[in-house]
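Notes to accompany the following structure.
Lettering of chains follows the sequences in order, A, B, ..., and the numbering in each one begins at 1.
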Amino acid sequence: MPELPEVEIVKQSLSKKIKNKRVKKIIIKNRNLRFKLDHKFSNIVQNSIVENIYRFSKYLIIKLDNSYYWLIHLGMSGTLHVVDKNKQKFLTNLSFYQSPNLPEKHNHIHISFDKFKIIYNDPRRFGYFLLLKNKYKLDEFISNYGPEPFNKKFNQTYFKKKLSNKSKNIKNYLLDQKFVSGIGNIYASEILFLAKINPERKSAKLNLSDYKKIIFFSKKVLKKAIKKGGSSIQNFKNSNGKTGSFQKYFQVYDREGMHCLSKKCDGIIKKKVISNRSSFYCNICQKI
DNA sequence: AAGAGGCCCTGATAGC
DNA sequence: TGCTATCAGGGCCTCT
């Protein structure tokens, strides 16, 4: 599911719920996530207090009062659910992938607070938890990633330095978290559509004006998606009002065979697999 | 050394 | 109805 905007929404709702609360108990049903859950996880997180919650890229970062940072990556299908502890009643869905009901299967990790618990559910188990010992380790971890689109380092100079002699296509660069952090498959297609650049354009073939457009629309698309509560592409018809609505604003993603929405363009949206990921684009107004 | 592709995993859906 | 194939919002790893 989640690209930067979706993780941001989860962060915001989770923050209201668990900030300054103490973790009472952890139950691990399955530690075989993308990376096996650290065997010290329970010991370290249990009895700590959540001081704050941040987001970097597609990671949730939970700062604990014992100096540790607990990172959550939701992978493709990871979701967090808040459940009333005593009544076992579902309270809030902090995700945009599943229906608003608590799933029965794949509830791998239960984190109990005083009056409620958070359940991590992840059918595909591409998500994972990480524990970083202190701020230094966190900074070190983040330094392996490229800037977020909102970062002032994500500018034309950076593009020129990174892309000017590269043969790899621009769509792949937008998905490459070492180049830019937080963009995923949906928003990459959307950004390139607005910038009128074909996803298969070789990065070396981009000019200064293309850089500008990509930078501008990256910020614009992600900001709007956050404002709309993210995208909910699966089961969104089951929405209880808490799911995102950005999918209504998709210009190209999942619109194969439909008309291009650019003014004065008679193009039809194409779907093409590029590096194992579907790309959507208009082959008339997005020039190669 | 950069870049393409395989692969991890389960579930939903389409097609026969 | 039930089988099989394909695809899904991510990204690490291997091979060339």
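- Atom P of C:dT6 sits at a distance of 13 Å from the matching atom of B:dG6, rounded to the whole Å.
- Residues A:K171 and A:N185 have side chains that bring a donor and an acceptor to within less than 3.5 angstrom of each other.
- Per the geometry, CG belonging to A:L33 stands 12 Å off C1' belonging to B:dC8, to the nearest Å.
- Aromatic ring pairs are classed by plane angle as parallel below 30°, tilted from 30° to 60° and perpendicular above 60°; the pair A:F280 and A:Y253 is perpendicular.
- A:F35 places its CZ atom 11 Å from the C1' atom of C:dG10, with the value rounded to the nearest Å.
- Residue A:Y249 contributes atom OH, which lies 19 Å from atom C1' of C:dG9 at whole-angstrom precision.
- Here A:K166 does not reach the OP1 or OP2 of B:dG3: none of its side-chain N or O atoms lies under 4.0 Å away.
- Contact annotation: the side chain of A:F41 approaches that of A:L131 to within less than 4.5 Å [non-hydrogen atoms, C-beta and beyond].
- Put simply, A:K271 has no side-chain N or O that comes within less than 4.0 Å of OP1 or OP2 on C:dC7.
- Contact between the side-chain N/O atoms of A:K168 and the OP1/OP2 oxygens of B:dA1 is not found at any separation under 4.0 Å.
- In this structure, A:F126 packs face-to-face on the six-membered ring of C:dG10, meeting both the 5.5 Å centre cutoff and the 30° plane limit.
- The interatomic distance linking A:M76 (CE) with B:dC9 (P) rounds to 15 Å, in whole Å.
- Between C:dC7 and B:dG5, the two P atoms lie 15 Å apart (nearest whole Å).
- Within the 4.0 Å cut-off from OP1 or OP2 of B:dG3, at least one side-chain nitrogen or oxygen of A:Y173 is found.
- The hydrophobic cluster containing A:L175 does not contain A:I197, counting ILVMFWY residues as joined when their side-chain heavy atoms lie under 4.5 angstrom apart, directly or transitively.
- Listed pair A:H106 / B:dC9 fails the phosphate criterion, with no side-chain N or O lying under 4.0 Å from OP1 or OP2.
- Residue A:D122 is out of contact with every strand shown, counting any heavy-atom pair closer than 4.0 Å.
- For A:S278 and C:dA8, the shortest distance from a side-chain N or O to OP1 or OP2 is below 4.0 Å.
- Between C:dG9 and A:Y253, a contact under 4.0 Å exists linking OP1 or OP2 to a side-chain N or O.
- In this structure, A:K178 atom NZ and C:dC13 atom P are separated by 10 Å, rounded to whole Å.
- Closest to the A:N276 side chain, of the nucleotides C:dG9, B:dC7, B:dT10, is B:dC7.
- The distance between atom CG of A:D176 and atom C1' of B:dG3, rounded to the nearest whole Å, is 11 Å.
- In this model, the phosphate group of C:dG9 is approached by a side-chain N or O of A:R277 to a distance below 4.0 Å at OP1 or OP2.
- The CZ atom of A:R34 sits 7 Å away from the C1' atom of C:dG10 (whole-angstrom rounding).
- No side-chain donor-acceptor contact under 3.5 Å links A:K272 to the backbone of A:S279.
- Remark: A:R125 is in phosphate contact with B:dT10, judged by side-chain N or O atoms under 4.0 Å from OP1 or OP2.
- Rounded to the nearest Å, the gap between the P atom of C:dG11 and that of B:dA12 is 23 Å.
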Secondary-structure string, 5' to 3', Watson-Crick or G-U under 3.5 Å, | for another-strand partners, for DNA chain B: .|||||||.|||||||
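- In this structure, A:E148 pairs ionically with A:R55, as a charged nitrogen and a carboxylate oxygen lie closer than 4.0 Å.
- Residues A:H81 and A:T79 bring a donor and an acceptor atom of their side chains to less than 3.5 Å of each other.
- In this structure, A:S77 does not reach the C:dA8 phosphate: none of its side-chain N or O atoms is under 4.0 Å from OP1 or OP2.
- There is no side-chain donor-acceptor pair under 3.5 Å between A:Y69 and A:Y59.
- With hydrogens and angles left out, the side-chain atoms of A:S48 and A:D65 include no donor and acceptor closer than 3.5 Å.
- In this structure, the CG atom of A:L71 is 13 Å from the P atom of C:dG11, given to the nearest Å.
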